[in-house]
Undergrad: 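Have a look at the structure that comes next, please.
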Amino acid sequence: MEIMWNQFVISDNKERLDVDVIQGFLSRSYWANKRPEERTLRAIQNSVCYGVYEGRKQVGFARVVTDNATMFYLCDVFIDEDYRGMGIGKKLVESLITCDEYKDLVGLLGTKDAHELYKQYDFEHDTERYMRRMPDYVRNMARN
């Protein structure tokens with residue numbers, strides 16, 4: 001996938017990804033700041049990844065985990081702080097959920113602060129149905 005939008009490009013070409021930019025942002029995020037770098041690298045290798053670029057500079061990212069038949073999980077979505085408020089995140093989410101690969105699948109995601117963004121794309125808040133199990137390294141950090 002490669003979508004031109006204004007001066008930006010949304011691409012699923014992993015060769016374009018700037019892993020340092022991704023690691024830098026995720027290390028500051030509330031959802032991945034305790035995730036070891038090697039896990040993020042492995043997640044990138046095993047997911048469908050989308051970068052947002054202005055020229056050669058990466059300004060956004062999203063990762064999708066899917067079985068390509070019934071569901072997709074949208075995660076690690078971010079837009080660089082200097083590029084927020086320009087509609088880039090909206091365009092990224094819209095591009096993903098309307099593409100042929102995902103438009104007919106159940107979409108899942110987790111967020112603590114972007115519910116209004118995702119509601120625009122028909123994601124519904126569902127706290128009664130979903131459960132999670134944190135990995136051992138996170139549970140062990142909480143105990144120490």
Undergrad: Check for a donor-acceptor pair, side chain of D12 on one end and backbone N or O of M1 on the other, with a separation under 3.5 Å.
TA: yes
Undergrad: How far apart are the C-alpha atoms of I44 and I22, what are their side-chain angles, what is the distance that settles it, and do they pass the side-chain contact (heavy atoms from CB on, under 4.5 Å) test?
TA: CA-CA 10 Å; I44 289 169; I22 296 166; 4.1 Å; yes
Undergrad: Please determine, by modelled atom types, if S47 and R63 share a side-chain donor-acceptor pair under 3.5 angstrom.
TA: yes
Undergrad: Do the non-hydrogen side-chain atoms of Y118 and V77 ever get within less than 4.5 Å of each other?
TA: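 Contact flag for Y118/V77 side chains = yes.
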Undergrad: Suppose the criterion is ring-ring contact (aromatic ring centres under 6.0 Å, His included): which pairs have a residue in residues 76-102, not counting sequence neighbours?
TA: F25-F78, F61-F78, F72-Y102
Undergrad: Tell me if the CD atom of E37 is crowded by more than 12 foreign heavy atoms within 6.0 Å.
TA: no
Undergrad: May I ask you to decide if D18's main-chain N or O and Q58's side chain share a donor-acceptor pair within less than 3.5 Å?
TA: yes
Undergrad: In terms of ring plane angle, is the pair H125 and H115 parallel, tilted or perpendicular, where the classes change at 30° and 60°?
TA: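 The rings of H125 and H115 sit tilted, inter-plane angle from 30° to 60°.
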Undergrad: State whether the number of non-hydrogen atoms from other residues, nucleotides or ligands found under 6.0 Å of E38 atom CD is greater than 12.
TA: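 Result for CD/E38: enclosed.
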Undergrad: Going through the distances and angles, do I10 and E2 end up as a side-chain contact (heavy atoms from CB on, under 4.5 Å)?
TA: CA-CA 6 Å; I10 299 170; E2 190 156 301; over 6 Å; no
Undergrad: Counting only N and O atoms by type, is there a donor-acceptor contact under 3.5 Å from the side chain of Y30 to the main-chain atoms of K112?
TA: yes
Undergrad: Do V48 and L92 land in one hydrophobic cluster if side-chain heavy atoms of ILVMFWY residues count as linked below 4.5 Å?
TA: yes
Undergrad: Please assess L41 against V19 for the test side-chain contact (heavy atoms from CB on, under 4.5 Å), listing each intermediate value before the final yes or no.
TA: CA-CA 8 Å; L41 293 174; V19 176; 3.2 Å; yes
Undergrad: Starting from the C-alpha separation in whole Å, work towards a yes-or-no answer on salt bridge (Lys or Arg N to Asp or Glu O under 4.0 Å) for R35 and D76.
TA: CA-CA 12 Å; R35 185 190 303 158; D76 290 345; 2.9 Å; yes
Undergrad: So does E15 get a backbone contact from the side chain of N13, meaning a donor-acceptor N/O pair under 3.5 Å?
TA: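 Yes; at least one donor-acceptor contact below 3.5 Å.
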Undergrad: Answer yes or no: is there a donor N or O on one side and an acceptor on the other, between the side chain of T66 and the main chain of M71, under 3.5 Å?
TA: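 It does hold such a pair.
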Undergrad: Would you sort out whether E54 and K57 count as a salt bridge (Lys or Arg N to Asp or Glu O under 4.0 Å), showing the intermediate values?
TA: CA-CA 5 Å; E54 182 180 46; K57 180 180 181 182; 5.8 Å; no
Undergrad: Between E116 and K119, is there a salt bridge with N-O shorter than 4.0 Å?
TA: yes
Undergrad: Near K14 NZ, under 6.0 Å, is it more than 12 heavy atoms from other residues, nucleotides or ligands?
TA: yes
